[in-house]
Amino acid sequence: MKNYVFLPLYRSFGFRYLVSTGLIKHLAKRFKIVVFIDIEKKSFYEPFFDGIDVIYENLNTKKIDEKKNSIFLDYIHILKKFTCGQRENYKNNSIHMWKVKFNEEIKKKKFFFIYFIGFILRNSKILRKLFFNFEKLIDPKNIFNHYFEKYKPKAVILTSYGYDYDQYFVRDSKKFQCKSISIIYSWDNPTSKGYKSSESDLYLVWNKTMKDELNIFHDIPSKKIKVCGVSHWDIFFDQLKDREILKDDFYKENSINRKNRIILFFSSAPRDFKNSFKIIESILEKFKNEKNITLVARMHPHYMDDTMCDKYLKNKSSFFINQLKKKFKEKLIFKNPNIIKFGKNSSEVFYPIDDMKELAKLYSSANLFINEYSTTQLEACIFNLPIINAAIGNYRNTNHNLSIYEQHHHLWNLKKYEFTKNIKDYKELHDEIKTQINNPKELEHNRKKFIGVFLGDVKGKGSENIINNVNDLI
């Protein structure tokens with residue numbers, strides 16, 4: 001009889017990352033998988049487990065949220081954002097960003113002394129350990145105990161280092177000699193989600209930087225952390241050799257003159273970056289008389305959410321898209337992501353894995369990449385594209401320019417590599433487009449150096465390394 005493995009699924013990006021690794025199918029050969037989901041969303045998950053013998057259990061996040069609903073736990077949640085370990089020359093720069101981002105909420109809720117307490121915790125490992133144990137005392141307990149008693153699983157596999165609902169699985173797993181494995185699916189997680197709420201037996205991360213962040217900022221022993229690479233980028237490294245074929249296919253599919261140069265623009269979410277459509281319009285206005293330039297735009301998934309666009313842009317994205325297409329015709333092509341929505345929340349969207357192939361084709365075809373401080377700038381770097389970060393406008397309801405986004409630690413880390421051009425106004429954007437599109441090799445050395453440091457010898461090996469490390473533990 002097979003042993004059981006628990007798999008809590010409620011993060012769309014984390015789930016996509018797991019699917020990209022092939023780990024689920026691999027585990028199914030050795031274990032019976034118990035999937036924890038909000039049971040009303042079962043129909044969404046079932047196709048991904050076609051042909052796999054799984055058991056579905058109700059995660060019931062609504063019930064957990066009700067147990068967590070208190071002003072005191074809200075205070076602890078925000079305090080954790082300001083809590084982390086540090087060393088003299090290694091500190092989490094995101095703390096500066098949180099002071100701006102949470103300023104109004106902290107004032108409104110009168111969360112007194114939160115900055116001071118955070119400062120004290122950052123400077124004392126002993127106090128952080130006490131804080132870690134204190135959170136366990138006040139948090140809801142034994143939420144999944146009965147499932148561990150029922151199945152006696154060999155392992156629980158998570159997509160975080162211990163936050164949201166994952167910590168409840170990890171805490172309960174320790175009572176039943178069950179191994180916990182945290183597969184970190186995004187490069188910003190260790191510096192943006194707050195101090196750990198639990199400690200797993202194994203952590204699988206993208207690179208050495210993330211390993212250091214977990215070790216220093218979260219007081220997690222280095223021996224528990226393994227560098228694996230980025231599983232959903234494996235396809236990029238595999239398809240680099242076919243770049244010219246992909247480019248030819250894209251030009252033919254979209255009836256673009258092969259002599260044209262493509263400017264690729266990827267937006268970020270409208271909550272923070274409200275000028276994405278204006279950026280598209282300004283570029284096309286500036287270069288409208290240059291017949292050999294085509295702009296290909298891909299909007300963030302939140303632009304597909306009419307409620308969100310109405311809230312932040314005062315109209316649906318289709319309104320702006322139709323206006324721009326009517327005005328600029330064949331000079332503008334939208335290649336928005338195909339997404340599967342499986343819940344009411346804006347975060348409950350799923351990118352099909354085939355979308356990575358579409359991205360590879362877009363990057364292969366472009367001459368210049370413009371984004372708004374997105375992870376996609378790293379992907380463009382793999383394809384050696386000149387990269388511009390556009391920070392036009394103010395951050396939320398503040399007087400800070402959007403370049404304050406650079407205060408996020410994961411973005412702050414990039415500055416030393418100098419492989420992007422970061423701009424703050426339209427004139428600077430237009431000038432930089434001319435420079436980069438005519439001199440694409442200006443920062444080529446920096447881009448290649450960054451990828452070499454960021455991924456080292458694990459380029460294209462993410463899925464393989466994740467599966468091997470999981471096998472080694474269980």
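On a predicted model such as this, the values are computed, not experimentally measured, just so you know. Throughout, residue positions are numbered sequentially from 1 according to the sequence presented.
Lys193 has no carboxylate O lying under 4.0 Å from a charged side-chain N of Asp164, or vice versa, which leaves the two without a salt bridge. Taking the charged nitrogens against the carboxylate oxygens, Asp38 and Lys41 do have a contact shorter than 4.0 Å, which makes a salt bridge. We find that Arg396 and Asp272 are joined by a salt bridge, their nearest charged nitrogen and carboxylate oxygen being less than 4.0 Å apart. Remark: Glu428 does not engage Lys424 in a salt bridge, criterion side-chain N to carboxylate O under 4.0 Å. For the pair Arg128 and Asp219, the salt-bridge criterion is met [side-chain N within less than 4.0 Å of a carboxylate O]. We find that Glu285 and Lys331 are not joined by a salt bridge, their nearest charged nitrogen and carboxylate oxygen being 4.0 Å or further apart. Under a 4.0 Å N-O distance rule, the pair Asp234/Lys461 does not qualify as a salt bridge.
Under the 3.5 Å distance criterion, with hydrogens and angles disregarded, a donor-acceptor pair is assigned to the side chains of Asn389 and Gln377. Checked by atom type, the side-chain pair His409/Asp188 shows no donor-acceptor distance below 3.5 Å.
Exactly one residue among His410, Gln407, His408 makes a side chain to side chain donor-acceptor pair (under 3.5 Å) with Asn93. That residue is Gln407. Among the candidates Phe266, Tyr405, Tyr312, the single residue satisfying the ring-ring contact (aromatic ring centres under 6.0 Å, His included) test with Phe273 is Tyr405. Under the ring-ring contact (aromatic ring centres under 6.0 Å, His included) rule, Tyr45 has a single partner from Phe350, Phe15, Phe36, which is Phe15.
Below 30°, between 30° and 60°, or above 60°: for Phe450 and Phe419 the angle between ring planes is below 30°, a parallel geometry. Ring-plane geometry between Trp233 and Phe454 is classed as tilted, the angle between the planes lying from 30 to 60 degrees on a 0 to 90 degree scale. The aromatic rings of Phe320 and Phe277 lie parallel to each other, their planes meeting at an angle below 30°, with 60° marking the opposite boundary. Aromatic ring pairs are classed by plane angle as parallel below 30°, tilted from 30° to 60° and perpendicular above 60°; the pair His302 and His300 is perpendicular.
A ring-centre distance under 6.0 Å is not found for Tyr17 and Tyr185.
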Quiz item: Lys196 and Glu199: salt bridge (charged side-chain N to carboxylate O under 4.0 Å, His left out), yes or no, with the steps?
Solution: CA-CA 7 Å; Lys196 67 179 182 183; Glu199 189 163 317; 2.6 Å; yes

Self-check item: Worked verdict on Asp166 versus Tyr10 for side chain to side chain donor-acceptor pair (under 3.5 Å)
Solution: CA-CA 10 Å; Asp166 288 354; Tyr10 57 92; 2.7 Å; yes

